[in-house]
Student: 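One structure, pasted below without further comment.
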Amino acid sequence: MFSKVVHLSGGNEMPLTGYGLWDVGRAVCADQVYAAIKEGYRCFDGACDYDNEVEAGLGIARAIQDGLVERNELFIVTKLWCTFHDPKHVKTIVRKQLLDWGLEYFDLYLIHFPVSLEYVEPSESYPPGWVAPSDPNTKSVKFAHIPMHQTWAAMESLVLDKLTKSIGISNFDIQLISDLLCYATIPPAVLQIEHHPYLTQSRLVDYAQSRGIAITAYCSFGPQSAVAAKLANVSKLDSLLDHQLIRKISSEHNKSPSQVLLRWATQRGIAVIPKSGKSEHMRQNMDMQWNLEKSEIEAISALNQGLRLNDPVLHGFDVPIFS
């Protein structure tokens with residue numbers, strides 16, 4: 001029987017389908033979170049950098065107050081931003097984020113990007129973003145020399161102090177994960193990466209899963225966002241939602257193209273975090289009571305173009321994380 005959860009190292013369970021909070025405006029965030037809970041979502045993926053954690057927390061609080069859900073039924077994910085990698089800042093910023101969400105603990109806390117930036121005092125600028133707040137009109141990035149093993153030790157202390165149940169990583173490559181596993185006393189439970197048919201990252205997925213690290217995919221629909229549309233290499237490719245192959249498969253299964261793209265991931269045990277403001281689409285995105293044929297999964301995977309959308313360099317920041 002197909003499971004709707006991913007079993008994480010350490011014994012926790014994460015829903016296969018969550019609700020992503022990136023690019024959800026503060027004005028609508030609380031209502032969207034509330035509506036998503038009403039439709040059955042139990043996992044929410046946020047971040048300091050999304051600038052809507054307070055509002056997400058308000059939506060959760062209202063849902064709990066109205067009896068729609070209890071806290072222990074929810075799986076809340078958020079992330080450590082690059083300016084807070086210094087161990088002396090990690091616990092402080094987590095406590096701030098917990099206060100913003102109105103929670104006592106997170107279910108999963110991720111390192112957002114494998115790069116350390118110069119510390120920015122939250123009272124000066126929050127969320128701080130990539131550039132120094134003293135020079136906001138440039139793409140100037142100020143790095144900090146903080147080894148990953150120091151940041152990861154601070155992440156492990158969050159588990160020991162019960163501020164989060166699980167810890168993980170995002171946007172890491174194989175070499176860095178391999179190195180991290182050499183010194184981690186609590187291994188990462190989850191790796192969150194950009195993953196869609198135009199960027200399958202099969203070696204990275206296979207490597208992480210073989211070492212007990214669950215995968216969460218973001219950008220499951222590929223080049224759909226307004227930000228992505230500005231990238232020159234995106235215009236050369238068909239939208240995945242309009243791609244002839246995806247359309248053909250969706251028609252044969254009587255499903256929407258978005259459902260096909262999500263099932264392509266979840267059927268392989270990869271969690272997804274789509275978002276939608278429409279109840280119908282929310283319900284569709286959670287539908288896993290059907291399967292793609294093996295040949296269909298292989299055909300969709302063959303669309304791989306190595307097209308990366310969430311790369312700081314592509315958006316003008318000199319932060320060469322990816323090759």
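These numbers come from the heavy atoms of this one structure, side chains and all, not from hydrogens, waters or symmetry mates. Since the structure is predicted, the reported quantities are computational estimates derived from the model, not experimental observations.
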Student: Do I177 and I169 have side chains that approach each other closer than 4.5 Å (heavy atoms only, starting at C-beta)?
Tutor: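 Yes - at least one pair of side-chain heavy atoms lies under 4.5 Å apart.
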Student: Supply the atom-to-atom distance I193 CD1 to T216 OG1, rounded to the nearest 0.5 angstrom.
Tutor: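 With rounding to 0.5 Å, CD1 (I193) is 9.0 Å from OG1 (T216).
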Student: For a 4.5 angstrom cut-off between non-hydrogen side-chain atoms, does P312 reach W130?
Tutor: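 Contact flag for P312/W130 side chains = yes.
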Student: Under 3.5 Å, is there a donor on one side chain and an acceptor on the other for E39 and Y41?
Tutor: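 Checked: E39/Y41 side chains show no N/O donor-acceptor pair below 3.5 Å.
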Student: Determine, using ring centers only, whether W81 and Y119 are less than 6.0 Å apart.
Tutor: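 Judged by ring-centre distance (under 6.0 Å), Y119 and W81 do not meet the cut-off.
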Student: Hydrophobic clustering (ILVMFWY, side-chain heavy atoms < 4.5 Å, transitive) - are L262 and L292 grouped together?
Tutor: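 They do share one cluster, since a chain of ILVMFWY contacts under 4.5 Å joins L292 to L262.
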Student: Taking the side chain as C-beta and beyond, is there a heavy-atom pair between N285 and S276 under 4.5 Å?
Tutor: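 When only atoms from C-beta onward are counted, S276 and N285 do touch, with a gap below 4.5 Å.
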Student: Would you please say whether a donor-acceptor pair under 3.5 Å links the side chains of T200 and S202?
Tutor: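 There is no such pair (donor and acceptor under 3.5 Å, judged by atom type) between the side chains of T200 and S202.
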Student: Which heavy atom of S9 sits nearest to which heavy atom of A189, and what is that distance?
Tutor: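 Minimum heavy-atom separation between S9 and A189: OG-CA, 3.6 Å.
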Student: Starting from the C-alpha separation in whole Å, work towards a yes-or-no answer on side chain to side chain contact (heavy atoms under 4.5 Å, CB included) for L117 and F113.
Tutor: CA-CA 10 Å; L117 301 181; F113 283 95; over 6 Å; no
Student: Would a single hydrophobic cluster contain both V54 and W22, if residues Ile, Leu, Val, Met, Phe, Trp and Tyr are joined by side-chain heavy-atom contacts under 4.5 Å?
Tutor: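 W22 and V54: separate clusters.
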Student: Is the closest side-chain heavy-atom distance between H149 and L180 below 4.5 Å?
Tutor: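 No - every pair of side-chain heavy atoms lies 4.5 Å or more apart.
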Student: Between D161 and K91, does the salt bridge (Lys or Arg N to Asp or Glu O under 4.0 Å) criterion hold? Intermediate values first, please.
Tutor: CA-CA 9 Å; D161 290 344; K91 198 167 295 183; 2.3 Å; yes
Student: What's the verdict on ring pair (Phe, Tyr, Trp, His ring centres under 6.0 Å) for W101 and F44, showing C-alpha distance, side-chain angles and the deciding distance?
Tutor: CA-CA 11 Å; W101 281 85; F44 291 87; 8.0 Å; no
Student: Kindly check if the number of other-residue, nucleotide or ligand heavy atoms within 6.0 Å of CG (N254) is above 12?
Tutor: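 Not buried by this count: 12 neighbours or fewer within 6.0 Å.
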Student: Within the 3.5 Å criterion, strictly below it, is a donor on W152 or E156 matched to an acceptor on the partner's side chain?
Tutor: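 The criterion, which ignores hydrogens and geometry beyond distance, is satisfied for E156 and W152.
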Student: Taking atom types as modelled, is there a side-chain donor on Q259 or S256 under 3.5 Å from an acceptor on the other?
Tutor: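 There is such a pair between these side chains.
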Student: Which pair of heavy atoms, one from G269 and one from V6, lies closest together, and at what distance?
Tutor: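 That would be O-CG2, 4.1 Å.
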Student: What is the distance from atom CG of L204 to atom CD of Q209, rounded to the nearest 0.5 Å?
Tutor: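 One gets 9.5 Å once the value is rounded to the nearest 0.5 Å.
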Student: Flag yes if L163 and Y105 sit in one hydrophobic cluster, no otherwise; membership is Ile, Leu, Val, Met, Phe, Trp, Tyr, and two members link when side-chain heavy atoms are under 4.5 Å apart.
Tutor: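 Per the 4.5 Å side-chain linkage, L163 and Y105 are not co-clustered.
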Student: Report yes if some heavy atom in the side chain of S140 is under 4.5 Å from a heavy atom in the side chain of V131; otherwise report no.
Tutor: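 SC-SC contact between S140 and V131 ruled out.
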Student: Quick check: do C29 and L21 have side-chain heavy atoms less than 4.5 Å from each other?
Tutor: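 Touching, per the 4.5 Å side-chain cut-off.
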Student: Report the residue from V90, I111, V115, I93 that forms a side-chain contact (heavy atoms from CB on, under 4.5 Å) with H85.
Tutor: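 Of V90, I111, V115, I93, side-chain contact (heavy atoms from CB on, under 4.5 Å) with H85 is met by I111 alone.
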Student: State plainly whether one hydrophobic cluster holds both L103 and V94, where clusters connect Ile, Leu, Val, Met, Phe, Trp and Tyr through side-chain heavy atoms under 4.5 angstrom apart.
Tutor: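 Yes, same cluster.
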Student: Has the side chain of S250 got a donor or acceptor atom that lies under 3.5 Å from a matching backbone atom of R247?
Tutor: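 Such a contact is found between S250 side chain and R247 backbone.
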Student: Treating H253 as the side-chain partner and K255 as the backbone partner, does any N or O pair qualify as donor plus acceptor under 3.5 Å?
Tutor: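 Here the side-chain-to-backbone pair does not exist.
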Student: Do H315 side-chain atoms and L309 backbone N/O form a donor-acceptor pair below 3.5 Å?
Tutor: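 It does hold such a pair.
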Student: Validate the cation-pi geometry between K96 and Y126: distance from NZ or CZ to the six-membered ring centre under 6.0 Å, angle to the ring axis within 45°.
Tutor: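 Yes, K96 and Y126 form such a contact.
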Student: Quick check on the 6.0 Å ring-centre criterion: do W264 and H195 meet it?
Tutor: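 Judged by ring-centre distance (under 6.0 Å), W264 and H195 do meet the cut-off.
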Student: Within 45 degrees of the axis of the six-membered ring of Y19 and under 6.0 Å from its centre: does R42 put its NZ or CZ there?
Tutor: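 That pair does not qualify as a cation-pi contact.
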Student: Using a strict 4.0 Å threshold on nitrogen-to-oxygen distance, state whether R263 and D287 make a salt bridge.
Tutor: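 Salt bridge flag = no for D287 with R263.
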Student: Applying salt bridge (Lys or Arg N to Asp or Glu O under 4.0 Å), run through R71 and D107 and close with a yes or a no.
Tutor: CA-CA 10 Å; R71 169 63 184 98; D107 295 275; 2.9 Å; yes
Student: Can you see whether Y207 engages D173 through a side-chain donor-acceptor pair at a distance of less than 3.5 angstrom?
Tutor: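 Checked: Y207/D173 side chains show no N/O donor-acceptor pair below 3.5 Å.
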Student: Working note: L80 + C48, criterion side chain to side chain contact (heavy atoms under 4.5 Å, CB included); need CA distance, chi angles, decisive distance, verdict.
Tutor: CA-CA 7 Å; L80 177 74; C48 152; over 6 Å; no
Student: Using side-chain heavy atoms (C-beta onward) and a distance below 4.5 Å, is M14 in contact with V190?
Tutor: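 They are in contact (side-chain heavy atoms under 4.5 Å apart), so the answer is yes.
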Student: Closest approach of I297 and R268, non-hydrogen atoms and distance?
Tutor: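 Nearest pair, atom of I297 first, then R268: CG2-CD, 3.9 Å.
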Student: Considering all heavy atoms of both residues, which atom of M286 and which atom of G40 are nearest to each other, and what is their separation?
Tutor: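 Shortest heavy-atom contact: CE-O, 3.4 Å.
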Student: Nearest 0.5 Å, please: how far is CG in D311 from CD1 in I321?
Tutor: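 If we round to the nearest 0.5 Å, I321:CD1 and D311:CG are 7.0 Å apart.
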Student: Got a second to check how far E118's CD is from H145's NE2, nearest 0.5 Å?
Tutor: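 Between atom CD of E118 and atom NE2 of H145 there are 10.0 Å.
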Student: Under 30°, 30 to 60°, or over 60°: which ring-plane class applies to F106 and Y109, parallel, tilted or perpendicular?
Tutor: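 Answer is parallel, since the angle falls under 30°.
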Student: Please determine whether residues L99 and L74 belong to a single hydrophobic cluster, defined as Ile, Leu, Val, Met, Phe, Trp and Tyr linked transitively by side-chain heavy-atom distances below 4.5 Å.
Tutor: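 No: no chain of side-chain contacts under 4.5 Å links L99 to L74.
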Student: In terms of side-chain heavy atoms, does Q192 have a donor or acceptor partner in D45 at a distance below 3.5 Å?
Tutor: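 There is such a pair (donor and acceptor under 3.5 Å, judged by atom type) between the side chains of Q192 and D45.
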Student: Within a reach of under 6.0 Å around CZ of R26, are more than 12 heavy atoms found that belong to other residues, nucleotides or ligands?
Tutor: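 For R26, atom CZ is not crowded (no more than 12 foreign heavy atoms under 6.0 Å).
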Student: Measure from NZ or CZ of R62 to the centre of the six-membered ring of Y34, then state whether that distance is under 6.0 Å and the direction lies within 45° of the axis.
Tutor: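 Checked: cation-pi criterion met.
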Student: Please evaluate residues I300 and I246 with respect to the criterion side chain to side chain contact (heavy atoms under 4.5 Å, CB included), reporting the C-alpha separation (whole Å), side-chain torsions for both, the decisive distance (0.1 Å), and the verdict.
Tutor: CA-CA 7 Å; I300 295 172; I246 305 300; 4.0 Å; yes
Student: Mind checking the CD-OG spacing from Q175 to S178? Nearest 0.5 Å is all I need.
Tutor: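 Q175 atom CD to S178 atom OG measures 7.0 Å (nearest 0.5 Å).
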Student: Does a side-chain heavy-atom distance below 4.5 Å link P197 with L240?
Tutor: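 In contact.
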Student: Checking the side chain of N52 only, and the main-chain atoms of V24 only, is there a donor and an acceptor separated by less than 3.5 Å?
Tutor: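 Such a contact is found between N52 side chain and V24 backbone.
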Student: So, for A208 and L191, which heavy atoms are closest and what is the spacing to 0.1 Å?
Tutor: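 What the structure gives for the nearest pair is CB-CD2, 4.0 Å.
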Student: Do E194 side-chain atoms and N310 backbone N/O form a donor-acceptor pair below 3.5 Å?
Tutor: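 Side chain of E194 to backbone of N310: a pair is present.
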Student: Taking K79's backbone N and O only, do any of them form a donor-acceptor pair with Q97's side chain (distance below 3.5 Å, no angle check)?
Tutor: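 Present.
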Student: Do you know the tightest heavy-atom contact between L58 and A30?
Tutor: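 It is CB-CB, 4.2 Å.
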Student: Walk me through it: do I60 and I76 pass the test side chain to side chain contact (heavy atoms under 4.5 Å, CB included)?
Tutor: CA-CA 10 Å; I60 289 171; I76 306 302; 3.6 Å; yes
Student: Can you tell me how far apart CD (E73) and CG (L68) are? Round to the nearest 0.5 Å.
Tutor: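 One finds 10.0 Å between CD of E73 and CG of L68.
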